[in-house]
Number of protein chains: 2
Amino acid sequence: MNASPRRKELTRLAAQLFVQEGFDKTTVRMLAQEMGIKSGSLFHHFKDKQEILAAVIEEGTHNALRIARRALESSPADPEARLRTMARAHLETLFTDRNAHVVALFEWRRLDDEAKAHLSHLRDAYEALWVDVIDAALEAGLIHGDRFLVSRFVLGALNWTVRWYDPAGPRTPDDLADELVAMIIPMKR
Amino acid sequence: MNASPRRKELTRLAAQLFVQEGFDKTTVRMLAQEMGIKSGSLFHHFKDKQEILAAVIEEGTHNALRIARRALESSPADPEARLRTMARAHLETLFTDRNAHVVALFEWRRLDDEAKAHLSHLRDAYEALWVDVIDAALEAGLIHGDRFLVSRFVLGALNWTVRWYDPAGPRTPDDLADELVAMIIPMKR
DNA sequence: CTCTTACACTAGCGCTTGCTTGGTTACTCA
DNA sequence: TGAGTAACCAAGCAAGCGCTAGTGTAAGAG
């Protein structure tokens with residue numbers, strides 16, 4: 001909807017607080033203070049607290065979709081490279097927009113039905129990219145198993161990284177992606 | 001601590017509500033009503049709301065540890081069987097005690113420091129079982145990769161199942177476990 | 001036949017919550 | 001210069017929150 005630079009910055013700050021404290025424990029007064037305004041002024045930018053949450057999640061998911069599409073465009077066409085590309089792109093978004101994605105993954109349930117319906121479409125579009133890539137890998141005999149289960153397992157493993165991965169450590173997100181792909185592709189070393 | 005059957009039943013009900021509503025959104029009045037008492041009476045059983053959360057998580061983690069240990073005892077000794085056993089045991093607990101485990105996975109941050117320290121030990125004991133099994137599988141050349149990353153990926157994939165698995169569907173938890181093991185073990189079909 | 005213990009109740013205190021209201025300031029553009 | 005508008009503030013309301021205090025009651029122990 002509204003995408004003023006001010007609102008974008010406020011959304012970014014909100015994401016950070018939502019991750020630190022959780023959506024429910026984050027009060028409008030905390031949000032306002034972090035933004036350098038008073039709690040009442042917050043409602044000039046957002047209709048209510050719900051809308052802030054929706055803005056955070058929309059921003060994150062939108063970026064994920066954009067990054068994945070661009071990565072696929074400039075990726076080699078063979079199934080293995082495309083699989084690696086998607087895994088890398090997934091982790092890239094996850095950690096450049098970490099706050100927004102942690103909120104999207106763990107505070108989704110706090111959205112009202114209307115926002116959920118709207119944002120589901122965005123998320124589905126993203127997951128469709130994965131399904132394509134995994135289907136191609138299955139057809140090429142690169143990996144084996146049930147297409148539904150494989151994609152769930154892979155996305156689960158990747159999403160769970162936000163719970164333990166430390167960007168200050170020795171491994172880059174690309175390292176993680178490569179390791180995961182190597183783990184599910186037989187006989188590659 | 002206290003483990004009266006009454007308290008256990010109250011804990012079970014609390015777990016259900018925490019999953020439905022989230023810990024923060026669950027009020028002591030909702031908890032009391034679900035338990036068939038008034039909100040004041042709740043504090044005869046639990047010192048405060050925090051303690052209910054700790055009780056839920058302790059119960060769940062304790063069961064997980066018990067089930068995994070028993071499963072390993074009666075498992076064949078070869079690394080592949082032990083890997084499958086752990087995966088099956090993990091999903092078995094996850095879905096027989098689903099509510100408690102969802103709370104443990106997604107409301108952990110709401111625990112105060114004291115409870116966190118106490119429960120960390122239980123969780124570490126459980127994860128140690130995994131590390132053993134995965135180390136053995138690596139040494140046997142059954143799987144490849146970094147031991148740290150492999151265990152994180154596997155646990156991530158398994159834990160994420162609570163977000164999409166439907167027990168009413170055609171697949172059993174054992175099916176899921178077997179598929180995951182097949183996915184990461186090369187050349188097994 | 002008391003004493004104790006476990007469990008429940010009523011009533012409400014003190015505080016925080018999301019959000020509203022009515023008004024002020026600073027900037028833009030005709 | 002003056003109108004319009006976006007951004008903000010001070011003040012506070014109504015509702016809901018976790019939790020406490022004080023009391024009642026029934027069952028088992030001595």
Side-chain angles (χ1 to χ4, degrees), chain A residues 1-59 103 107-116, chain B residues 1-59 103 107-116:
Chain A
M1 299 249 174
N2 185 347
S4 72
R6 179 75 173 134
R7 187 178 152 119
K8 249 193 179 172
E9 172 65 5
L10 298 183
T11 304
R12 207 187 51 82
L13 288 170
Q16 191 189 342
L17 262 181
F18 288 162
V19 169
Q20 255 174 51
E21 312 287 333
F23 177 72
D24 290 324
K25 280 272 178 199
T26 304
T27 69
V28 293
R29 282 167 242 268
M30 294 164 66
L31 286 165
Q33 187 174 20
E34 199 75 10
M35 297 167 178
I37 58 180
K38 301 291 169 169
S39 71
S41 313
L42 220 163
F43 295 92
H44 172 75
H45 300 277
F46 301 93
K47 158 170 155 277
D48 55 21
K49 199 185 163 193
Q50 277 277 332
E51 194 180 281
I52 309 180
L53 177 61
V56 167
I57 297 184
E58 175 158 17
E59 172 79 8
V103 170
E107 308 283 3
W108 179 269
R109 46 191 284 106
R110 297 269 81 90
L111 290 169
D112 57 36
D113 290 343
E114 195 190 354
K116 240 180 261 185
Chain B
M1 302 245 175
N2 185 346
S4 71
R6 177 81 174 130
R7 188 177 152 116
K8 252 194 177 172
E9 171 65 6
L10 297 183
T11 303
R12 206 185 52 82
L13 288 171
Q16 191 189 340
L17 261 181
F18 288 162
V19 169
Q20 255 173 51
E21 312 287 334
F23 176 71
D24 291 322
K25 281 271 178 199
T26 304
T27 69
V28 293
R29 283 166 242 266
M30 292 165 68
L31 286 165
Q33 187 175 20
E34 198 73 12
M35 297 166 178
I37 59 181
K38 301 291 167 160
S39 71
S41 313
L42 218 164
F43 295 92
H44 173 75
H45 300 278
F46 302 93
K47 157 172 154 279
D48 55 21
K49 199 185 163 193
Q50 277 276 332
E51 195 180 279
I52 310 181
L53 178 61
V56 167
I57 296 184
E58 176 158 17
E59 172 79 7
V103 171
E107 307 283 3
W108 179 269
R109 47 192 282 109
R110 298 269 83 91
L111 289 168
D112 57 37
D113 290 344
E114 195 190 355
K116 240 180 261 186

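Below, chain A is the first sequence line, B the second, and so on; all start at residue 1. It should be emphasised that the depicted structure is a prediction, and the values quoted were computed from it without experimental measurement.
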Task: Side-chain donor or acceptor of B:Lys49 paired with backbone N/O of B:Thr27 under 3.5 Å - done: no
Task: Approximate separation, where rounding is to 0.5 Å, of A:Ile52 CD1 and A:Thr11 OG1 - done: 8.0 Å
Task: Atom pair CD (B:Glu58) and CG (B:Leu53), whose distance is rounded to the nearest 0.5 Å - done: 11.5 Å
Open item on the list: Quick check on contacts: within residues 47-57 of chain B, what sits under 4.0 Å from DNA chain D by heavy-atom distance?
Closed with: B:Asp48, B:Lys49
Task: Geometric cation-pi criterion A:Lys25 and B:Phe23, 6.0 Å radius, 45° cone - done: no
Open item on the list: Using whole Å, what does the distance between atom P of nucleotide D:dG12 and atom CZ of A:Phe43 come to?
Closed with: 18 Å
Task: Considering all heavy atoms, the nearest B:Met35-B:Leu42 contact - done: SD-CG, 4.4 Å
Short heteroatom pairs, N/O only, protein and nucleotides 23-29 of chain C, under 3.5 Å:
none

Task: From B:Asp24 atom CG to B:Arg110 atom CZ, the distance as rounded to the nearest 0.5 Å - done: 4.5 Å
Listing time: all N or O pairs from protein to nucleotides 6-8 of chain D that are below 3.5 Å?
unit_1	atom_1	unit_2	atom_2	d
D:dA7	OP2	A:His44	NE2	3.1
D:dC8	OP1	A:Arg6	NH2	2.9
D:dC8	OP2	A:His45	NE2	2.5

TODO: Return yes if some donor-acceptor pair links the side-chain N/O of B:Ser41 with the main-chain N/O of B:Ile37 below 3.5 Å, else return no.
DONE: no
Open item on the list: Check this for me, if you would: do B:Glu9 and B:Arg12 make a salt bridge, where the nitrogen-to-carboxylate-oxygen distance has to be below 4.0 angstrom?
Closed with: yes
Open item on the list: Just to verify, what does A:Arg109 make a side-chain hydrogen bond (donor to acceptor under 3.5 Å, both in side chains) with, not counting sequence neighbours?
Closed with: none
Task: Which atom of A:Ala115 lies closest to which atom of A:Leu111, heavy atoms considered - done: CB-CD2, 4.0 Å
- [ ] Give, ordered by number, those residues of residues 21-35 of chain A having at least one heavy-atom distance below 4.0 Å to an atom of DNA chain C; if nothing qualifies, reply none.
- [x] A:Thr26, A:Thr27, A:Val28, A:Arg29
- [ ] Could you tell me which residues satisfy side-chain hydrogen bond (donor to acceptor under 3.5 Å, both in side chains) with A:Asp48, sequence neighbours excluded, listed by chain and number?
- [x] none
TODO: Using a strict cut-off of less than 4.0 Å between a Lys/Arg side-chain nitrogen and an Asp/Glu carboxylate oxygen, indicate whether A:Glu34 and A:Arg29 qualify as a salt bridge.
DONE: no
